[in-house]
Amino acid sequence: MGVGYMKRLILWIGVLIAGCGDSKETKIQRFLLQSNELIRDQKDGQAEYYLKEALKLDSCFSDAWNNLGTVYFNQQKFSLALEHYNKAIDCRPDYLDAYFNRANTKYELKEYYSALEDIGKILRNKPDTAVAYFSEGLIYTRLREFDKSLASFRKALSLDSSNPEVWVNMGTVHYYKKQFDSAEFDLQSALKLNPQEANVYNALAMIEIERLQYAQASSFLEKALALSPDDPFFLNNRGYLKLLTNDIAGAKEDIDKSIGFDPYNGWAYRNKAVYYLQVGNTADAIRLLTQAEEMDPFIEKIYFYLGEAYRQAGEGKLACDYYNKSFARNELSEKDVKDRCAPK
């Protein structure tokens, strides 16, 4: 199950210049306002043009650098976005919105500890910023520091109890901690705030899979997909459920669609590898599991499935190494490891 997404803050400049004239400052503000409208309309190429025109007039216009970063972030050009947020901060070292945008970008680039430093800068200056605590919780979740992530989410809720996404992500963390009743409580709390929150139904489905209640899980996933038919996480999770219920062809179709919509989701590659294991294609299973591990080593059961793949390939020592890694994550019991590591 995916952990949800980090919202990014876009700085909109809504103050029009009073009076007439065609001064340099008026031109700069006009370019910025035009870019804001274009970014909202997802016309990134045109927005980029106006922002660069503004920078021709003022090479240290921090708002333009910030919004250019957002243009590139929206295009998933995260390294380029980071360069532009850095320039915005160089020009205005106290520009907290740019710090927030930069933290989001570092999150996407998996520079988690550096992202935490930027969030810390915001909280030192504005300690009652709920969205910063929310982002902090997401970062700690990716670092698997679940107690810290829950503390951050609870702080966000204390400042803004109306945000269903905080409840969804708290539920996700409780799911990762195998605290399914607490996860269910959080998710139902999110539903009270927004009955159309598709991520809730997806997360509830994952809980039911853990409980081996596959029919109920399927029902929840269908609700999620009815609200968001092309969501790659939902498609991937439905594919995984189909693997568990022996709908092999249907599983492959869903997982392939998921990868088509989001080729950067390591969970989908893990599940495609499980498909290959089930059809006896061990080489491709190992290839995709290795790729998934490189993308995100914290993916659940990645080491268990690597153990299964190497065991299937006759590589007993490698298989046992991965089973022990899975045991260290509380995914296997000591007896499971002993049984799987025993010579055939």
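When reading the values below, keep in mind they use all heavy atoms of this one structure, side chains included, and skip hydrogens, waters and symmetry mates.
One side chain, Thr70 or Tyr85, offers a donor N or O that lies under 3.5 Å from an acceptor on the other. Side chains of Asp284 and Asn281: a donor-acceptor N/O pair is present below 3.5 angstrom, by distance only. Counting only N and O atoms by type, the side chains of Asp97 and Asn66 include no donor and acceptor under 3.5 Å apart. No donor-acceptor contact under 3.5 angstrom links the side chains of Asn194 and Gln196, judged on distance only. In this model, no donor atom of one side chain and acceptor atom of the other lie less than 3.5 Å apart for Glu222 and Tyr201.
Side chain of Thr290 to main chain of Ile286: a donor-acceptor pair is present (N/O by atom type, distance under 3.5 Å, no hydrogens or angles). For Asp296 (side chain) and Ala292 (main-chain N/O), no donor-acceptor pair under 3.5 Å exists by modelled atom type. A donor-acceptor pair under 3.5 Å links the side-chain atoms of Thr129 to the main chain of Lys126, judged by distance alone. Distance alone, capped at 3.5 Å, places no donor-acceptor pair between the Ser228 side chain and the Ala224 backbone. At distances below 3.5 Å, at least one donor-acceptor pair connects side-chain atoms of Tyr99 with backbone N or O atoms of Pro93. Although no hydrogens or angles enter the test, the distance criterion places a donor-acceptor pair under 3.5 Å between the side chain of Tyr133 and the main chain of Pro127. Judged by distance alone, the side chain of Ser258 and the main-chain N or O of Pro232 form a donor-acceptor pair under 3.5 Å. In this structure, the side chain of Thr172 engages the main chain of Val168 through a donor-acceptor pair within 3.5 Å. The closest donor-acceptor contact from the side chain of Arg270 to the backbone of Glu300 lies under 3.5 Å.
Side-chain atoms of Ile139 and Tyr113, non-hydrogen and from C-beta on, never get closer than 4.5 Å to each other. Side-chain contact between Gln188 and Leu204 is present, with heavy atoms from C-beta onward closer than 4.5 Å. Side-chain atoms of Asp118 and Phe100, non-hydrogen and from C-beta on, never get closer than 4.5 Å to each other. By the 4.5 Å heavy-atom criterion applied to side chains, Lys301 and Val274 are not counted as neighbours. For the pair Leu51/Val71, a side-chain contact is recorded, criterion being any heavy-atom separation below 4.5 Å from C-beta on. Under the 4.5 Å side-chain criterion, counting only non-hydrogen atoms from C-beta, Asn265 is not in contact with Ile259. Side-chain contact between Glu308 and Arg340: present, with at least one pair of heavy atoms (C-beta onward) separated by less than 4.5 Å. Met170 is listed as a side-chain neighbour of Leu157, based on a closest heavy-atom distance under 4.5 Å.
Among all heavy-atom pairs drawn from Tyr303 and Glu293, the shortest one is CE2-OE2, 3.1 Å. Here the closest heavy-atom approach between residue Ala81 and residue Thr105 is recorded as CB-CG2, 4.1 Å. In plain terms, the two heavy atoms of Pro164 and Ala190 that are nearest each other are O-CB, 3.6 Å. Heavy atoms only, all atoms of each residue included: Leu225 and Phe234 are closest at CD2-CB, 3.6 Å. Closest of all the heavy-atom pairs between Ser79 and Leu109 is OG-CD2, 3.8 Å. Pairing each heavy atom of Ile119 with each of Ala132, the nearest pair is CG2-O, 3.6 Å.
Between Glu136 and Lys148 there is no salt bridge, since no side-chain N of the basic residue sits under 4.0 Å from a carboxylate O of the acidic one. The existence of a salt bridge linking Lys325 and Asp321 is excluded, since no basic side-chain nitrogen approaches an acidic carboxylate oxygen closer than 4.0 Å. Salt bridge annotation for Glu253-Lys257: present, with a cationic side-chain nitrogen under 4.0 angstrom from a carboxylate oxygen. Look at Asp181 and Arg211 and you find a salt bridge, because one of the NZ, NE, NH1 or NH2 atoms lies within 4.0 Å of a carboxylate O, short of that distance. Ion pairing of Glu48 with Lys52 is present here, as a side-chain N (NZ or NE/NH1/NH2) and a carboxylate O approach within less than 4.0 Å.
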Residues Asn125, Asp94; criterion side-chain contact (heavy atoms from CB on, under 4.5 Å); working and verdict: CA-CA 9 Å; Asn125 285 272; Asp94 61 349; over 6 Å; no

Stepwise side-chain contact (heavy atoms from CB on, under 4.5 Å) check, Asp231 with Asn202: CA-CA 10 Å; Asp231 187 282; Asn202 174 65; over 6 Å; no

From CA spacing to verdict: side-chain contact (heavy atoms from CB on, under 4.5 Å), Asn86, Trp65: CA-CA 8 Å; Asn86 285 339; Trp65 287 118; over 6 Å; no

Steps toward side-chain contact (heavy atoms from CB on, under 4.5 Å) verdict (Asp160, Phe134): CA-CA 10 Å; Asp160 178 12; Phe134 176 60; over 6 Å; no

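Between Tyr175 and Phe180, the angle of the ring planes lies from 30° to 60°, which puts this pair in the tilted group. Ring planes of Phe304 and Tyr323: tilted class, angle from 30 to 60°.
For the atom pair CG (Leu187) and CE (Met206), the distance works out to 11.5 Å, reported to the nearest 0.5 Å. We find the CD-OG distance between Glu145 and Ser152 to be 10.0 Å, quoted to the nearest 0.5 Å. The structure places CG of Asp336 at 10.0 Å from CZ of Phe327, a figure rounded to the nearest 0.5 Å. Interatomic distance, Ile209 CD1 to Leu241 CG, rounded to the nearest 0.5 Å: 4.5 Å. We find the CD-CG distance between Glu165 and Asn199 to be 7.5 Å, quoted to the nearest 0.5 Å. Put simply, NZ on Lys242 and CG on Asn271 are 13.0 Å apart, with the number rounded to the nearest 0.5 Å.
Lys177 meets the side chain to side chain contact (heavy atoms under 4.5 Å, CB included) test with Phe146, Asp147, Leu150, Val173, Gln179; sequence neighbours excluded.
Within 6.0 Å of CZ on Phe185 lie no more than 12 heavy atoms contributed by other residues, nucleotides or ligands.
Cation-pi contact between Arg142 and Tyr112: absent, since separation from the ring centre below 6.0 Å together with deviation from the ring axis within 45° is not met.
Residues Phe298 and Tyr240 do not share a hydrophobic cluster, clusters being chains of Ile/Leu/Val/Met/Phe/Trp/Tyr side chains in contact below 4.5 Å.
Taking the centre of each ring, Phe73 and Phe78 come in below the 6.0 Å mark.
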